[in-house]
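Have a look at this one.
Throughout, protein chains are lettered first and strands after them, A, B, ... in sequence-line order, and every chain is numbered starting at 1. Quick note: numbers below take in every heavy atom, side chains included, and nothing from hydrogens, waters or symmetry partners.
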There are 2 protein chains.
Amino acid sequence: MATIREVAKKAGVSVATVSRVINRTGRVKKETEEKVLEIVKQLNYTPSSIAVSLNNKKSKTIGLLLPDITNPFFAELAKGVEEVAKKKGYTVILCNSNGDLQSELDHLQVLEQKYVDGIILSSHTLTYSHIEECKIPIVSIDRTLDGKLSSVTSKNYEGAMLATRHLLKKGCERIAHIAGPQNIVTARKRLEGYLAVVKDSSWYSDELLVYGDYEIQTGYEATLKLLNSTQKIDGIFAGNDLMAVGSLKAIYSLGLRVPEDVAVIGFDGINFSKITIPELSTIAQPIFEMGLLATDTILDEIVNSKKNQSFHELSVSLIERDSTKKSRCDY
Amino acid sequence: MATIREVAKKAGVSVATVSRVINRTGRVKKETEEKVLEIVKQLNYTPSSIAVSLNNKKSKTIGLLLPDITNPFFAELAKGVEEVAKKKGYTVILCNSNGDLQSELDHLQVLEQKYVDGIILSSHTLTYSHIEECKIPIVSIDRTLDGKLSSVTSKNYEGAMLATRHLLKKGCERIAHIAGPQNIVTARKRLEGYLAVVKDSSWYSDELLVYGDYEIQTGYEATLKLLNSTQKIDGIFAGNDLMAVGSLKAIYSLGLRVPEDVAVIGFDGINFSKITIPELSTIAQPIFEMGLLATDTILDEIVNSKKNQSFHELSVSLIERDSTKKSRCDY
DNA sequence: GTGAAAGCGCTAACAC
DNA sequence: GTGTTAGCGCTTTCAC
């Protein structure tokens, strides 16, 4: 790779001049500029971003720290992040933490060493104390961190109420909930939303509430447990789409039908929810947009070195598909 | 962030000495070393990888250029890559190209500027001429590039034969193929494998062959087209799992049953194939391992500045699940 | 064993 | 308008 010095020499000017024309900073005679540009093209010169970074302590790079890129929710998010980043001339470093605290800490350290300009973070183990001495802007996705960091979240509580009420409206008379891991805020909020709607019902009992870990398999197991209980359950609100998919499978494996015997609704609105059989009703978060917004937010903090945080809480929406279309109560 | 100079000053030594103890290069008196280490810990010092990179032209970073992180195949691959990379002290930059040539070229240029040490590439538009002047090691995934680049691929042709024969063995008497985009090698090989098995059959006709683009939707449409033709089709080999999922849906929507009326088999072995209803039979590639191997390969080339390429072609395996379990012919 | 200093490729004062 | 030069934070000869 050619260096700025080679360009300067070949163009018969100083490195400063080359730098000026490259960055459009300072005045340069039209003529000189053209000459330089010509050599630049000829030598196929591009500035070393490493050297640039060393100067201005900026890397035009943002870190994206996720629990699991294999989870469609995060993959869609990542795609959104990458898209905006690229458009704005930023590069994204992907870090997969598997939800492991030590791994997150390691990644964070590496990101700092690499002078990333900002970090988009989705973690449920990290607390504010872990990152308070980190002076790189961070925005948190999916949860707020003590109100100390900018965040992009969505209305989990309201969404859960929406889901539960939808089941009710569809004629379900005994609605169970497969809650996500309670160390994750979204899971707690969704549980609260569910409880807010059902807890005063004559039929509500603790046995309608089981826990999973947001993965398919636990949705499957939880559903088996629910349906094998003595109570006749005719509606399941799964804490996320992945567990809902597991639920669908479990119901099917018991020889029951969705939605005739048991209606199912998920949460998230991942792309895969519309390809299950039957298609899954869900509370959709604007996942891709969350990625875009998070990136816009972090870029805003980076570029304008904003000090104050912003908190975005996005709306969710009910997507009604076949898994809750009970004919008997269709409206 | 503390610099090496601060550490040196506080420890009462020169920066060279600090550098020596940090990198375990050269001899340092035990005593001095301890002193330095103490200050390092005290100041929470970590070397700036930018500065290091500027020196040795290495960034301990690899670029991963993928068409679409949202596609489970690539997500699983990415996870494998990230895992090895991290273990070996490397960071991965994620680039999403959407299969767009210009986008790939842009990303490649950025990666070069950032001094990434190597690139793992999955592209079907890039040709060798695009990258021949790039002197960073590259390994190609999913296809070979004129034998000029190391590659990690799997046995697509054999896998396709396996799939088709499996359908035959299950008693299918008219097997259709939904081929992937023919600009993609894997899709061509799979088509060839299918043809090799069926083209001499008494029942084979062109109408049994339709094309999709490896996405769910086209699998759906292709299947509709197939099943609406006059021929009675009782087996479908979809070019990949995503299209197979679309196929499942289409069959279901026509009121037919899988596998009783039509057996379906996919290709890839993405995690999602085992959660469809019915579960999808497929030819599994060792996706995660491909990620691992690609990373090992690129790291090998980086660390040992290997000049000669290596070509890995991994085996695939038949995973028989419910979508091909025709009872009438079970063995 | 340890330090001084050059240099990685670039930007930004500061001169002229 | 353009050139000179001092860093950015580090590694690495080369002396001592």
(message) Rounding to an integer number of Å, can you tell me how far B:R24 CZ sits from D:dT12 C1'?
(response)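 Checked: the CZ to C1' distance equals 18 Å.
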(request) Just call it for A:T17: base, sugar-phosphate, or nothing, with non-hydrogen atoms closer than 4.0 Å on any strand. (result)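 Here A:T17 touches the backbone only, sparing every base.
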(request) Return the value, rounded to whole Å, for the distance between atom CD of B:E112 and atom P of C:dG9. (result)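 Those two atoms, CD and P, are 14 Å apart.
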(message) Could you measure the distance from the OG atom of B:S151 to the CE atom of B:M290? Nearest 0.5 Å is fine.
(response)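 Rounded to the nearest 0.5 Å, the OG-CE separation comes to 9.5 Å.
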(request) For the side chain of A:V13, starting at C-beta, report the closest nucleotide among D:dG9, D:dG1, D:dG3. (result)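 Given the options D:dG9, D:dG1, D:dG3, the side chain of A:V13 is closest to D:dG3.
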(request) Measure from CG on B:N23 to P on D:dC10 and round the result to the nearest Å. (result)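 Interatomic distance, CG of B:N23 to P of D:dC10: 10 Å.
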(message) It should be established whether A:N55 places a side-chain nitrogen or oxygen under 4.0 Å from OP1 or OP2 of nucleotide D:dG7.
(response)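 Negative; the distance criterion is not met.
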(request) Look at the side chain of A:R20 against the base of D:dG3 and say whether a donor-acceptor pair falls under 3.5 Å; ignore hydrogens and angles. (result)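 Per atom types, the contact qualifies.
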(request) Drop me the distance from B:L108's CG to B:S103's OG, to the nearest 0.5 angstrom. (result)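 If we round to the nearest 0.5 Å, B:L108:CG and B:S103:OG are 10.0 Å apart.
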(request) Give a yes or no answer on whether the side chain of B:E82 reaches the backbone of A:N96 with a donor-acceptor pair at less than 3.5 Å. (result)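 The answer is yes, because a donor-acceptor pair under 3.5 Å joins these two groups.
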(request) Hey, could you give me the CG/CD1 distance between B:L145 and B:I138, rounded to the nearest 0.5 Å? (result)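 Rounded to the nearest 0.5 Å, the CG-CD1 separation comes out at 8.5 Å.
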(message) Can you work out whether B:G26 or A:I22 has the more 5'-proximal nearest nucleotide on DNA chain C?
(response)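 Nearest nucleotide further toward 5': that of B:G26.
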(request) Answer yes when A:K135 and A:E112 have at least one side-chain N-carboxylate O distance shorter than 4.0 Å, and no when they do not. (result)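 Here A:K135 pairs with A:E112 in a salt bridge, since their nearest N and O are under 4.0 Å apart.
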(request) Could you check how far CG of B:L54 sits from C1' of C:dC10, rounded to whole Å? (result)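 It is 8 Å, rounded to the nearest whole Å.
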(message) What's the closest nucleotide to the side chain of A:K29 if the choices are C:dT11, D:dG1, D:dG9?
(response)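 Selected nucleotide: D:dG1.
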(message) Side chains of B:Y90 and B:T295: any donor to acceptor distance under 3.5 Å?
(response)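 No, no side-chain donor-acceptor contact under 3.5 Å.
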(message) So if I take every side-chain heavy atom of B:V52 and compare against C:dG3, C:dG9, D:dT11, which nucleotide ends up nearest?
(response)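 My answer, after comparing the listed nucleotides, is D:dT11.
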(message) Whole angstroms only, please: what is the NZ-C1' distance between B:K35 and C:dG1?
(response)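 Atom-to-atom, B:K35 to C:dG1, this comes out as 18 Å.
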(request) Nearest 0.5 Å please: distance from the NZ atom of A:K57 over to the CG atom of A:D117. (result)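 Output value for this atom pair is 12.0 Å.
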(message) Let's see if you can work this out: which of C:dT2, D:dT11, D:dT5 has an atom nearest to the side-chain heavy atoms of B:V28?
(response)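 Per side-chain heavy atoms of B:V28, the pick is C:dT2.
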(request) Assign B:N56 to base, sugar-phosphate, or nothing according to its heavy-atom contacts below 4.0 angstrom with the strands shown. (result)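 Nothing, no heavy atom under 4.0 Å.
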(request) Look at B:S48 and D:dC10 and indicate whether a side-chain polar atom (N or O) is within less than 4.0 Å of OP1 or OP2. (result)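 B:S48 to D:dC10 OP1/OP2: no side-chain N or O under 4.0 Å.
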(request) Hey, could you give me the CG/CG distance between A:N71 and A:L66, rounded to the nearest 0.5 Å? (result)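 Nearest 0.5 Å value for the CG-CG distance: 8.5 Å.
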(request) Provide, to the nearest angstrom, the distance between the CZ atom belonging to B:R5 and the P atom belonging to C:dA4. (result)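 It is 12 Å, rounded to the nearest whole Å.
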(message) Rounded to whole Å, how long is the line connecting atom CZ of B:R27 with atom C1' of D:dT12?
(response)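 The answer, rounded to whole Å, is 14 Å.
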(request) Answer yes or no: does a side-chain N or O of B:K57 lie under 4.0 Å from OP1 or OP2 of C:dG9? (result)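 B:K57 to C:dG9 OP1/OP2: side-chain N or O found under 4.0 Å.
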(message) If I take atom NZ in residue A:K9 and atom P in nucleotide D:dG3, what distance separates them, rounded to the nearest angstrom?
(response)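 Rounding to the nearest Å, NZ of A:K9 and P of D:dG3 are 15 Å apart.
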(request) Under 3.5 Å for both distances, Watson-Crick or G-U wobble, that's the pair rule; now give the dot-bracket for DNA chain C, with | marking pairs to another strand and [ ] for crossing ones. (result) ||||||||||||||||
(request) Return no unless some side-chain N or O of B:Y45 is found under 4.0 Å from OP1 or OP2 of D:dC10. (result)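 Checking B:Y45 against D:dC10: at least one side-chain N or O falls below 4.0 Å of OP1 or OP2.
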(message) C:dG3, OP1 or OP2 - any side-chain N/O from B:S14 closer than 4.0 Å?
(response)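 Affirmative; the distance criterion is met.
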(message) Once you apply a heavy-atom cut-off of 4.0 Å, does A:T32 come out as touching a base, just sugar-phosphate, or nothing?
(response)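 It contacts sugar-phosphate atoms only.
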